[in-house]
Amino acid sequence: MTPVSLVLVTHNSEAHIEASLGILLNDPEGPEEIIVVDNASSDGTVRIVERMGVKLVALDENHGFPYGCNLGASLTRGEVIAFLNPDTEPTPGWLPPLVEAISRPDVGAAMPVMDLTYAPDHWFTSGSALTYLGFAWSTDSGEPIPDDIAETEVPFPSGAAFVIDRRLFDHLGGYRDEYFLYLEDVDLGWRLRLMGLKSVQVPASRVAHDYEFGRHARKMYYLERNRLRMVFANYEPATLVLLAPALLVVELAVVAAAVRHGWLGQKLQSWRGFVRLIPLLRQEANRSRSIRTVRDGAILAGMDAAFDGINQFEIHPLVRALNRLAVWYLRIVRRLVA
């Protein structure tokens, strides 16, 4: 098999890291090297990693998940890089099918079928979704996984477990460091699409994930800040002009949802965080433009409009009504940018 280097980023991960590393080290078809980048854990994570004898980079402060992934990737030797979350448990033999998938010229990244550690054979995500307004989520979480699933194209590879050719990862510029948490994998998948490459989910590979939707206290801040950043960095300027009315309406809808669910402060902070990133955003937009081989008409053709398949929290009836408007608007924009 093509040499694979695995990068695993930890932060206070003592509850999971020993099980994950134990599986990896005992898998005869596992990675040739494992690099753990620890984001300033205050628990016993570092001691566990040191005891298990894999390469460790211990940082003095938490620089965020994408920074840790990029740092780890820069230290690898393999032709293929695998990324894995510390709260995952890969089934032995999970790597070869993914490596085979990315050997095909139209595939940029490959992820396993992912179930839940606390509910085996039930989806962590059946493929995930990405709307043209930048919302992304895990689809069908907790639902049973059918026995007869086939390889499917997904809008982005889950950052919890996927593989990518290291030269391609370097050409993309890796993850965007300042995302810190959330949507960095969605942005990576979007940029793969800009290059005319797809991400796939491979049923011959299986990884379990101990997923919890609300694990981070500032999740909604990062989701909203990074959603806006991703949209403005990856669309062409003319597309953004066409999408402006929809983006404005959805901002008002998100504010209403934030008020209802008690995270208005995080939403307001996300606007401030986005404004602070505008100088960097220009650089990111230029980078997206430099790798683009596919126009936005094709990108929009592969995006969703409605909130379907999300079941981690209640969807307000008003949102379901807005779904119809969002679908209608996407049809118009697709015609104009085709």
Side-chain angles (χ1 to χ4, degrees), residues 1-10 13 15-37 49 52-55 65 69 72-73 76-104 107-128 138-141 144-154 156-166 168-169 185 188-189 192 198-211:
M1 187 177 71
T2 302
V4 179
S5 297
L6 184 136
V7 175
L8 198 153
V9 177
T10 55
S13 305
H16 302 96
I17 189 61
E18 187 168 6
S20 184
L21 286 178
I23 293 169
L24 291 168
L25 291 169
N26 288 290
D27 183 356
E29 297 181 289
E32 282 203 355
E33 67 172 341
I34 300 172
I35 296 178
V36 174
V37 179
V49 174
M52 300 193 76
V54 301
K55 184 173 182 178
F65 178 75
C69 288
T76 59
R77 302 188 306 267
E79 297 175 28
V80 171
I81 303 174
F83 293 98
L84 200 66
N85 274 11
D87 57 355
T88 57
E89 296 181 6
T91 299
W94 69 290
L95 267 179
L98 301 181
V99 176
E100 188 281 327
I102 64 167
S103 70
R104 306 197 297 266
V107 176
M111 62 175 282
V113 166
M114 301 188 71
D115 61 358
L116 297 163
T117 55
Y118 48 85
D121 298 318
H122 289 71
W123 289 113
F124 155 57
T125 175
S126 62
S128 298
S138 301
T139 46
D140 303 314
S141 183
I145 300 176
D147 294 328
D148 57 347
I149 54 175
E151 181 178 303
T152 55
E153 183 175 353
V154 293
F156 55 91
S158 170
F162 76 99
V163 305
I164 188 171
D165 183 274
R166 69 165 304 113
L168 175 58
F169 188 72
D185 51 354
L188 186 77
L192 286 171
K198 63 183 179 181
S199 301
V200 296
Q201 178 181 254
V202 181
S205 176
R206 182 69 71 97
V207 171
H209 188 201
D210 186 18
Y211 175 73

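Defined by atom type and a distance below 3.5 Å, a donor-acceptor pair is missing between the side-chain atoms of S141 and S138. No side-chain donor-acceptor contact under 3.5 Å links D115 and H209. Between the side chains of E89 and T117, not a single donor N or O lies within less than 3.5 Å of an accepting N or O.
Considering all non-hydrogen atoms of both residues, D27 and P92 come closest at OD2-CA, 3.4 Å. In plain terms, the two heavy atoms of P90 and L24 that are nearest each other are CG-CD2, 3.8 Å. Closest approach of P157 and G189 over heavy atoms only: CD-CA, 3.9 Å. Pairing each heavy atom of P112 with each of A161, the nearest pair is CD-O, 3.2 Å. Heavy atoms only, all atoms of each residue included: I164 and G108 are closest at CG1-O, 3.3 Å. Heavy atoms only, all atoms of each residue included: V7 and G72 are closest at CG2-C, 3.7 Å.
Using a 4.5 Å heavy-atom threshold, the side chains of I17 and L8 count as touching. Here the side chains of F162 and S205 are not in contact, with every heavy-atom distance at 4.5 Å or above. Within the 4.5 Å cutoff, side-chain heavy atoms of P203 are placed close to those of I149. Looking at heavy atoms from C-beta onward, M52 lies in side-chain contact with L25 at the 4.5 angstrom threshold. Looking at V54 and I35, their side chains never come closer than 4.5 Å, going by heavy atoms from C-beta outward. Counting heavy atoms from C-beta on, the side chains of L192 and K198 never come closer than 4.5 Å.
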Trace of the side-chain contact (heavy atoms from CB on, under 4.5 Å) decision for E32 with V4: CA-CA 6 Å; E32 282 203 355; V4 179; over 6 Å; no

Check against side-chain contact (heavy atoms from CB on, under 4.5 Å), K55 and V37: CA-CA 9 Å; K55 184 173 182 178; V37 179; over 6 Å; no

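Although no hydrogens or angles enter the test, the distance criterion places a donor-acceptor pair under 3.5 Å between the side chain of N26 and the main chain of G22. The closest donor-acceptor contact from the side chain of D165 to the backbone of V80 lies at 3.5 Å or more, if one exists at all. Looking at T76, its side chain never comes within 3.5 Å of a backbone N or O of G78 through a donor-acceptor pair. Under the 3.5 Å distance criterion, the side-chain polar atoms of N85 are left unmatched by any main-chain donor or acceptor of D87. Panel note: side chain T125, backbone T139; a donor-acceptor pair is recorded below 3.5 Å. Judged purely by atom type and a 3.5 angstrom limit, S199 has no side-chain atom pairing as donor or acceptor with the backbone of F156. In this structure a side-chain-to-backbone donor-acceptor pair under 3.5 Å is present from D185 to G159.
The distance from the CG atom of D121 to the CG atom of L116 is 10.5 Å, given to the nearest 0.5 Å. Taken from OG1 in T88 to OH in Y211, the straight-line distance is 14.5 Å, to the nearest 0.5 Å. For the atom pair CD1 (I34) and CG (L84), the distance works out to 9.0 Å, reported to the nearest 0.5 Å. Residue S158 holds its OG atom at 9.5 Å from CD of Q201, rounded to the nearest 0.5 Å. Put simply, CZ on F124 and CE on M114 are 5.5 Å apart, with the number rounded to the nearest 0.5 Å. Interatomic distance, R166 CZ to S5 OG, rounded to the nearest 0.5 Å: 7.0 Å.
The pair E33-R77 counts as a salt bridge, with a side-chain nitrogen and a carboxylate oxygen less than 4.0 angstrom apart.
Evaluated for a side-chain contact (heavy atoms from CB on, under 4.5 Å) with V163, the options I81, L95, V202 yield exactly one hit, L95.
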